[in-house]
Amino acid sequence: MSDQPSRKPLISGNWKMHLNHFDALRLVQELSYKVTEDDVAAVDISLHPPFTDLRTVQTVIDADRLPFLLGAQHCHHEEKGAFTGEVAPAMLAKLNVSYVIAGHSERREVFGETDETVNLKVRAILTAGMVPILCVGETLAERDAQQAEAKVAGQIRAGLDGVNAQQVAGMVIAYEPIWAIGTGRTASAEDAQAMCAFVRSTVRDTLGNDAAEGVRVQYGGSVKPANAKELMTQPDIDGALVGGASLEADPFARIAQYRL
Ligand code: PGA
């Protein structure tokens with residue numbers, strides 16, 4: 001547990017494979033009417049649209065000076081090459097992308113990403129000057145078998161291999177129990193806090209106190225306006241990675257305004 005108040009919460013909207021670039025423009029504009037300067041003084045807000053929307057979202061953020069940080073959902077770890085369908089970290093950085101999700105459970109489960117490839121991505125994202133959001137989390141079977149901590153600790157150690165303490169201090173780790181993603185079933189605030197504290201203690205054991213106190217730990221899995229405050233006011237939860245509830249302006253803005 002940590003009483004360090006200096007970690008600014010990060011609320012991230014992971015749109016997954018939803019919203020074309022016209023829909024994206026409308027959502028970003030609607031969000032900009034709801035999110036106030038006070039909100040962005042209190043929390044950072046990152047938006048992670050599909051690749052085809054990035055340029056549109058970047059343009060409206062820059063042109064209208066909107067208080068959102070641009071994010072991506074995925075990237076390849078190589079700088080360039082014959083990787084049909086893939087996108088390189090430097091291409092994202094060129095679009096002013098600040099945050100890139102690495103190792104989301106859907107990428108691991110559906111697209112075969114491993115701890116090793118996720119680690120390569122984390123390192124490539126850092127090399128390109130962006131912040132990785134490293135996703136970790138257990139399945140229901142693993143939780144029921146008392147394996148949640150072992151799974152998460154293994155994912156953190158492997159995902160951060162070769163990354164130094166200073167880099168980790170600036171990173172984000174998202175704890176997302178797989179059984180809570182898109183299911184409407186949320187971890188209780190106590191369980192989420194316990195696992196996010198465990199994430200931080202694993203970072204402390206591996207990379208020391210400065211990394212542990214600096215790293216922001218998000219909770220993800222069916223975060224919505226009704227549960228955001230309880231989750232976000234836990235001492236080791238420094239933000240939320242939001243899927244379904246980020247696809248409309250009203251619930252996502254209310255999550256970002258959890259403190260009100
Ligand atoms: P959800 O998705 O909020 O729809 O559960 C969270 C995530 O996958 O990051």
Side-chain angles (χ1 to χ4, degrees), residues 9-19 23-24 27 31 43-51 53-54 57 68-75 97-113 118 121-122 125 131-140 142-143 148 151-152 155-156 159 171-189 191-193 195-196 199 215-232 234 237-258:
L10 172 66
I11 309 291
S12 302
N14 173 15
W15 298 359
K16 308 191 179 183
M17 199 170 73
H18 297 285
L19 307 180
D23 303 328
L27 175 53
L31 268 176
V43 298
D44 288 335
I45 300 174
S46 67
L47 305 176
H48 300 250
F51 285 138
D53 303 359
L54 280 175
V57 175
F68 307 126
L69 297 153
L70 191 58
Q73 300 174 18
H74 160 72
C75 66
V97 167
S98 307
Y99 292 93
V100 186
I101 299 170
H104 189 280
S105 61
E106 288 152 16
R107 301 284 329 166
R108 294 179 191 257
E109 287 191 339
V110 186
F111 301 100
E113 290 187 9
V118 171
K121 287 179 208 295
V122 165
I125 293 162
V131 177
I133 300 179
L134 169 64
C135 296
V136 299
E138 80 286 358
T139 64
L140 193 54
E142 288 161 343
R143 169 155 284 257
K151 168 83 174 290
V152 165
Q155 287 178 320
I156 292 172
M171 270 184 62
V172 182
I173 299 177
Y175 166 66
E176 299 203 295
I178 295 170
W179 45 272
I181 295 178
T183 58
R185 202 178 146 186
T186 322
S188 69
D191 285 349
Q193 158 60 22
M195 285 304 289
C196 289
V199 167
V215 69
R216 287 185 286 179
V217 183
Q218 292 181 315
Y219 168 79
S222 299
V223 175
K224 23 187 192 266
N227 59 26
K229 184 171 191 169
E230 205 190 356
L231 289 162
M232 291 292 304
Q234 302 297 321
I237 300 183
D238 309 315
L241 183 52
V242 186
S246 73
L247 297 176
E248 288 178 21
D250 184 64
F252 188 61
R254 282 163 56 210
I255 291 169
Q257 293 159 345
Y258 68 88

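Ligands are counted one by one from 1 in listed order, and the atoms in each one are counted from 1 as well. All values below come from the heavy atoms of this structure, side chains included, with hydrogens, waters and symmetry mates left out.
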Chemist: Taking 4.0 angstrom as the limit and counting only heavy atoms of Gly244, give me the atoms of ligand 1 inside it, by number and element.
Modeler: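 Ligand 1 atoms under the 4.0 Å threshold to Gly244: 1 (P), 3 (O), 4 (O).
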Chemist: Quiz question: by atom type and distance under 3.5 Å, do the side chains of Thr186 and Ser222 form a donor-acceptor pair?
Modeler: no
Chemist: When Cys196 is tested against each of Leu231, Val217, Val152 for side chain to side chain contact (heavy atoms under 4.5 Å, CB included), which residue passes?
Modeler: Val217
Chemist: Of the listed options (Gln73, Lys16, His48), which comes nearest to atom 2 (O) of ligand 1 when hydrogens are ignored and any heavy atom counts?
Modeler: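 That would be Lys16.
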Chemist: Please report which non-hydrogen protein atom sits nearest to atom 7 (C) of ligand 1, along with the residue it belongs to and the distance in Å to one decimal place.
Modeler: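 Protein heavy atom with the smallest distance to atom 7 (C) of ligand 1: Glu176 OE2, 3.1 Å.
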Chemist: Can you find an N or O of Gly243 that's nearer than 3.5 Å to an N or O of ligand 1?
Modeler: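 N/O-N/O distance under 3.5 Å: yes.
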Chemist: Output the list of atoms in ligand 1 that are nearer than 4.0 Å to some heavy atom of Gly221, sorted by atom number.
Modeler: 5 (O)
Chemist: Heavy-atom contacts with Ser222 under 4.0 Å: which atoms of ligand 1 show up? List them by number with element.
Modeler: 1 (P), 3 (O), 5 (O)
Chemist: Please confirm whether the backbone N or O of Ile178 pairs with a side-chain atom of Thr139, one donor and one acceptor, at under 3.5 Å?
Modeler: no
Chemist: With a 4.0 Å heavy-atom cut-off (strictly under), which part of Ala180 contacts ligand 1: side chain, backbone, both or neither?
Modeler: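 Just the backbone.
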Chemist: Has Tyr219 got a side-chain atom pairing as donor or acceptor with Gly221's backbone, closer than 3.5 angstrom?
Modeler: yes
Chemist: As an exercise, identify every atom of ligand 1 less than 4.0 angstrom from a heavy atom of His104.
Modeler: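 Counting from 1, the qualifying ligand atoms are 7 (C), 8 (O), 9 (O).
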Chemist: In ligand 1, which numbered atoms sit nearer than 4.0 Å to a non-hydrogen atom of Gly182?
Modeler: 1 (P), 4 (O), 5 (O)
Chemist: Is Glu230 atom CD crowded by more than 12 heavy atoms from other residues, nucleotides or ligands, each under 6.0 Å away?
Modeler: no
Chemist: Under a heavy-atom criterion of less than 4.0 Å, does Ala174 contact ligand 1?
Modeler: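 The answer is no: ligand 1 sits nowhere under 4.0 Å from a heavy atom of Ala174.
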Chemist: Would you give the length of the straight line joining atom NE2 of His74 to atom CZ of Phe51, rounded to the nearest 0.5 angstrom?
Modeler: 5.5 Å
Chemist: Taking Gln218 for its side chain and Leu10 for its backbone only, find out whether a donor-acceptor pair lies under 3.5 Å.
Modeler: yes
